[in-house]
Amino acid sequence: MRPFNILFVTAEESAERWREPLSAALPGERLYFDADEIDPAEIDIVLTAVAPSGALAPFRRARLIQSIWMGVETLVADPTLPPDVPLARMIDPSMTRAMVESAVAHVTAAHLQLDELARQQREARWEPLRNPLASERTVGILGLGELGRAVAEGLLGLDFRVRGWRRTARRTQGVECFAGEGGLAAFLAKSEILVALLPLTAGTRGRIDAKFLDGLPAGAVLINLARGGLVNDDDLLRALEAGRLRHAVLDVFNVEPLPPEHPYWHHPRVTVTPHMAALTNPRTAAAFIAENVRRLRAGEPLLGIVDRGRGY
Ligand code: NDP
């Protein structure tokens, strides 16, 4: 069988970081890093993260558009994306592990009130805090997909009480599960620490608003590791000012990089991290891509196929 023509095209990731890992993982295929080098009709597979609207329209005859990121909201929202070409997202176990490490670190810090202790130190206040044990602390996870389930497992291993919210009613071992709009109020009511791991879709955009935050126990902590677009920033700032929420850890923002004048930067109740909870690792991501290429060749079901109607 002839080699596949595979085009890497995205402004968001440096082609130089990907060239060697992709070449090593796909030795039998032809890799292109410049769209001008080949007729779009000859491309079998497009590798991309974010492309300007219209940039992928010429690849109507491709057999796969493979995202090199886990989140695909920008690709799904592009009306010019060829409708008949399957879209797959990245599902990389090493990214999942990185997300577990980030989430466990932030949850544990919130649980031990390290934010409050930092405040005390700045003010030279000696006030030992009586923290409950993890087994007495309830952590809610918004989204029980690839990442949410792995984070739940990590937290269960530390003895936290874990509950999760998802779109469809399904069980996850050890996790108290809630589903859909009907399950949201009960889910939020006991989530003292809330970890957002939802994809950004029409159904989740701006979901974390005033009404939503009002549903959390007083003094809860929000940890958003998914997408900034889930959060209504004005409502979150108001909830923090009012003391409804004790703290927010934000890795992702409505505008990235977070503009220097944004109130989050210097807010005493906000921790800002620069969208790094789980970065794509070209070496391990290339292994996932190679597996999908193998499946495509073998006519086997592809991994990570996105339901464009659902948005994730
Ligand atoms: P998945 O698609 O595997 O899981 C998504 C979960 O969200 C599912 O449990 C799904 O429910 C649930 N969900 C979707 N829509 C709704 C809704 N309207 N109401 C309730 N639940 C909903 O995604 P991943 O776990 O792989 O990733 C989640 C997101 O994390 C990515 O989309 C990406 O944006 C972000 N991310 C952030 C990174 C970072 O560095 N900060 C790195 C990697 C990813 P159901 O199970 O019923 O389908």
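The chain is numbered in sequence order, starting from 1. In listed order, ligands and their atoms are each counted from 1.
At least one N or O atom of E146, backbone or side chain, sits closer than 3.5 Å to an N or O atom of ligand 1.
Protein heavy atom at the shortest distance from atom 21 (N) of ligand 1 is R167 N, 3.0 Å. Protein heavy atom nearest atom 29 (C) of ligand 1, with residue, atom name and distance: L198 O, 3.9 Å. Counting protein heavy atoms only, atom 25 (O) of ligand 1 is closest to L147 N, 2.9 Å. For atom 19 (N) of ligand 1, the nearest protein heavy atom (residue, atom name, distance) is W165 CH2, 3.4 Å. If you check which protein heavy atom lies closest to atom 2 (O) of ligand 1, you get Y312 CD1, 3.3 Å. The protein atom (non-hydrogen) at minimum distance from atom 6 (C) of ligand 1 is G145 N, 3.7 Å. For atom 31 (C) of ligand 1, the closest non-hydrogen atom on the protein side is G71 CA, 4.0 Å. From the protein, the heavy atom lying nearest to atom 41 (N) of ligand 1 is L225 O, 2.8 Å.
Using a 4.0 Å cut-off between charged side-chain N and carboxylate O, E181 and R207 make a salt bridge. Salt-bridge formation is detected for the pair R297/E29: a Lys NZ or Arg NE/NH1/NH2 atom is positioned less than 4.0 Å from an Asp or Glu carboxylate oxygen. A salt bridge between E101 and R97 is absent, with no side-chain N of the basic residue lying under 4.0 Å from a carboxylate O of the acidic one. A salt bridge links R125 to E116: at least one charged side-chain nitrogen sits closer than 4.0 Å to a carboxylate oxygen. Ion pairing between R238 and D234 fails under the 4.0 Å rule for side-chain N and carboxylate O. Salt bridge D115/R269: absent, no basic N to carboxylate O contact under 4.0 Å.
Near R170, meaning under 4.0 Å from any of its heavy atoms, are these atoms of ligand 1: 45 (P), 46 (O), 47 (O), 48 (O). Short contacts between ligand 1 and D251, defined as distances under 4.0 Å to a heavy atom of the residue, involve ligand atoms 39 (C), 40 (O), 41 (N). Atoms of ligand 1 lying under 4.0 Å from at least one heavy atom of M70, given by number and element, are 26 (O), 43 (C), 44 (C). Taking every heavy atom of A278 and a limit of under 4.0 angstrom, the matching atoms of ligand 1 come to 39 (C), 40 (O), 42 (C). The contact set between ligand 1 and V252, taken as ligand atoms under 4.0 Å from a residue heavy atom, comprises 41 (N). Of all atoms in ligand 1, listed by their number and element, those nearer than 4.0 Å to a heavy atom of H275 are 39 (C), 40 (O), 41 (N). Residue-ligand proximity, L197 to ligand 1, at heavy-atom distances under 4.0 Å covers atoms 28 (C). Atoms of ligand 1 lying under 4.0 Å from any heavy atom of T204, numbered from 1 in the order shown and given with element: 15 (N), 16 (C), 17 (C), 18 (N).
When heavy-atom distances to ligand 1 are checked against a 4.0 Å cut-off, R227 comes that close only through its side chain, counted from C-beta outward. By the criterion of a heavy-atom distance under 4.0 Å, both the backbone and the side chain of T168 are placed next to ligand 1.
A pairwise comparison of heavy atoms in V85 and R63 identifies CG1-C, 4.0 Å as the closest pair. The nearest pair of heavy atoms linking H106 to L225 is CD2-CD2, 4.1 Å. Counting all heavy atoms, side chain and backbone alike, A179 lies closest to W165 at C-NE1, 3.8 Å.
Rounded to the nearest 0.5 angstrom, Y312 OH and T204 OG1 are separated by 9.5 Å. Here N224 contributes atom CG and L250 contributes atom CG; the two are 6.5 Å apart, rounded to the nearest 0.5 Å.
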Carefully, step by step, assess H262 and F253 under the rule ring-ring contact (aromatic ring centres under 6.0 Å, His included). CA-CA 10 Å; H262 200 284; F253 302 90; 7.2 Å; no

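Side chains of E241 and H267: a donor-acceptor N/O pair is present below 3.5 angstrom, by distance only.
Residue contacts with ligand 1: R207 is excluded, as none of its non-hydrogen atoms falls under 4.0 Å. Residue T201 places every heavy atom at 4.0 Å or more from ligand 1. Look at L200 and you'll find every heavy atom at least 4.0 Å from all atoms of ligand 1.
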